[in-house]
Amino acid sequence: MDKFSQLPIVDKIAAFLVFISLAFWSLSKLPQIANSAVFSLFYEMSWLYMIVMTLVTTFYFLYKWINMNLKFKNVYFYGFVIGVLTLVIMRFM
């Protein structure tokens with residue numbers, strides 16, 4: 001069995017949410033997609049929730065990674081790295 005299937009349901013939900021926020025912020029930075037009417041409407045309705053979700057999932061993975069004694073070969077480290085990457089895309093690109 002893989003390690004992802006052994007995770008608790010809260011960790012699976014957090015992993016799903018961090019990928020959703022990464023996709024949202026990545027798509028919002030592409031001009032062809034960001035200028036479309038459908039995505040603009042979705043963006044205007046959900047940008048504040050996505051900021052909160054990105055911050056919460058990043059800090060959640062940081063907390064869980066610290067509890068796992070800062071080991072680099074676990075899901076929490078990679079979730080934290082994806083969260084930081086999402087924050088960089090959200091803020092600086």
Name every donor-acceptor pair, under 3.5 Å, that has one atom in a side chain of residues 40-49 and the other anywhere in the protein, sequence neighbours excluded.
residue	atom	partner	partner atom	Å
S40	OG	A34	O	2.9
S40	OG	S36	O	2.8
S46	OG	F42	O	2.7

Output a table of donor-acceptor pairs, distance under 3.5 Å, between side-chain atoms of residues 62-73 and any protein atom two or more places apart or on a different chain; print 'none' if there are none.
residue	atom	partner	partner atom	Å
Y63	OH	N67	ND2	3.3
W65	NE1	K71	O	2.8

Practice prompt. Decide whether F59 and V56 are clustered together by the hydrophobic rule: side chain heavy atoms of Ile, Leu, Val, Met, Phe, Trp, Tyr closer than 4.5 Å, transitively.
Written response: no

Pairs under 3.5 angstrom only: tabulate donor-acceptor contacts from the side chains of residues 86-93 to other protein residues two or more places apart or in another chain.
residue	atom	partner	partner atom	Å
T86	OG1	I82	O	2.8

Worksheet item: Are the side chains of F24 and F39 in touch, meaning some heavy atoms are under 4.5 Å apart?
Response: yes

Discussion item. Which residues pass the ring pair (Phe, Tyr, Trp, His ring centres under 6.0 Å) test with Y78, not counting sequence neighbours?
Written reply: none

Worksheet item: Does one hydrophobic cluster hold both F16 and V10, with members joined at side-chain heavy-atom distances below 4.5 Å?
Response: yes

Worksheet item: Between L27 and I33, what is the shortest heavy-atom contact and its length?
Response: CD2-CD1, 3.4 Å

Discussion item. Would you say V52 ends up clustered with F80 if hydrophobic residues are merged whenever their side chains have heavy atoms under 4.5 Å apart, either directly or through other cluster members?
Written reply: no

Fill in: Contacts of L7 that satisfy side chain to side chain contact (heavy atoms under 4.5 Å, CB included) - sequence neighbours left out
F4, D11, K12, V75, Y76

Practice prompt. Side-chain contact test, heavy atoms from C-beta onward, threshold under 4.5 Å: evaluate it for I20 versus M50 and give yes or no.
Written response: yes

Fill in: Shortest non-hydrogen contact from A15 toward F61
N-CZ, 3.6 Å

Worksheet entry | Residue pairs involving residues 25-34 (criterion side-chain hydrogen bond (donor to acceptor under 3.5 Å, both in side chains); sequence neighbours excluded) | W25-T54

